[in-house]
Amino acid sequence: MRLSPLASELSSLKLKIGTSVSPGEAARAVEHLLNQRHGGQEDTRIVVPARLLAQQRQTQRIFTIVMSAVAGISLLVGGIGIMNIMLASVLERKSEIGLLRAVGATQMDVVRQFLVETAVIALMGALAGVALGIAIAYVIAAFADWSVAWSVPTIALAVGVCVSIAVGFGVYPSLSAARLDPVEALQSE
């Protein structure tokens with residue numbers, strides 16, 4: 001095989017350095033040597049795996065921060081949605097709340113009832129979201145020829161956080177339902 005005059009004889013070079021030398025220092029020394037050998041032309045590229053790893057870690061940190069912010073905003077919006085649904089439920093069910101209170105239900109009983117309803121709504125939404133997420137992951141994996149891995153403890157944690165956020169946002173509607181005057185609530189129809 002005959003090489004053209006412009007073709008280089010080396011296309012890559014791998015160096016192994018001792019543990020006492022930092023990869024950055026070694027890269028600078030090799031770069032300086034190559035620049036001298038090539039007459040100051042910058043026709044080489046030096047790749048330091050440690051730098052690539054550091055860059056990958058930085059990218060991963062940024063990705064984690066962005067995804068955490070998106071998840072936080074989603075939880076906030078979901079919590080506000082749950083609170084609005086429960087407030088509408090309180091307004092629609094004033095007479096039921098008044099009847100409960102008139103037959104002896106305490107304020108705590110009313111709060112408990114609405115918080116259980118909030119938790120059930122959130123649990124159903126979380127389980128539907130998990131099922132949809134797993135299904136979408138498998139569909140994407142089938143098209144992209146990727147493998148899918150998921151963890152039951154992580155899913156349980158996500159569902160727990162979802163339900164906790166919903167119950168937290170459901171406290172205000174529950175308290176407002178419990179504070180209704182039974183007589184006024186019965187007359188609301």
Side-chain angles (χ1 to χ4, degrees), residues 8 10-35 38 40-89 114-175:
S8 64
L10 288 176
S11 61
S12 68
L13 180 65
K14 292 183 181 180
L15 302 174
K16 184 175 180 180
I17 60 172
T19 57
S20 62
V21 179
S22 81
E25 289 176 16
R28 283 190 294 279
V30 169
E31 186 174 26
H32 180 69
L33 177 66
L34 287 173
N35 281 341
H38 291 207
Q41 292 181 349
E42 293 186 17
D43 58 354
T44 59
R45 181 174 58 110
I46 297 178
V47 177
V48 180
R51 287 183 189 163
L52 292 176
L53 183 61
Q55 185 179 16
Q56 188 269 339
R57 286 181 180 156
Q58 178 65 21
T59 303
Q60 184 65 36
R61 274 193 292 269
I62 291 170
F63 182 74
T64 301
I65 290 168
V66 169
M67 291 307 292
S68 297
V70 168
I73 291 169
S74 298
L75 285 172
L76 180 66
V77 169
I80 291 171
I82 290 273
M83 187 169 64
N84 285 335
I85 289 170
M86 295 310 294
L87 283 170
S89 178
F114 276 91
L115 287 180
V116 167
E117 289 177 16
T118 302
V120 168
I121 290 170
L123 185 61
M124 289 182 349
L127 293 177
V130 166
L132 185 63
I134 289 173
I136 289 172
Y138 277 107
V139 167
I140 290 172
F143 284 113
D145 197 28
W146 292 341
S147 62
V148 175
W150 45 278
S151 151
V152 173
T154 303
I155 291 173
L157 177 66
V159 169
V161 167
C162 175
V163 172
S164 299
I165 295 288
V167 169
F169 276 93
V171 168
Y172 175 72
S174 301
L175 291 174

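Keep in mind that what you see is a predicted model, and the values were worked out from it rather than measured. By convention here, the first residue in the shown sequence is residue 1.
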Practice item. Kindly compute the distance separating CE (Met83) from OH (Tyr172), expressed to the nearest 0.5 Å. Key: 8.0 Å
Revision key, fill the gap. CG (Leu53) and CZ (Arg57) are apart, to the nearest 0.5 Å, by 4.0 Å
Practice item. Mind listing the closest non-hydrogen atom pair of Ala119 and Val163 along with its distance? Key: CB-CG1, 4.1 Å
Determine all donor-acceptor pairs shorter than 3.5 Å in which one atom belongs to a side chain in residues 120-132; sequence neighbours excluded.
none

Check your understanding: Which heavy atom of Ala26 sits nearest a heavy atom of Val21, and at what distance?
Key -> CB-CG1, 4.0 Å
Can you give each donor-acceptor pair under 3.5 Å made by side-chain atoms of residues 62-78, sequence neighbours left out, with the distance rounded to 0.1 Å?
residue, atom, partner, partner atom, Å
Thr64, OG1, Gln60, O, 2.9
Ser68, OG, Thr64, O, 2.8
Ser74, OG, Val70, O, 2.9

Review point. Between Leu115 and Ser174, what is the shortest heavy-atom contact and its length?
Key: CD2-OG, 3.4 Å
Check your understanding: Which heavy atom in Val148 sits nearest to a heavy atom in Ala141, and how many Å separate them?
Key -> CG2-CB, 3.2 Å
Review point. Does Gln55 CD have over 12 foreign heavy atoms under 6.0 Å away?
Key: no
**Study point:** From Phe169 atom CZ to Leu87 atom CG, the distance as rounded to the nearest 0.5 Å
**Key:** 12.0 Å
Study note, to complete from the structure: So OG of Ser89 and CD1 of Ile82: to nearest 0.5 Å the spacing works out to 11.0 Å
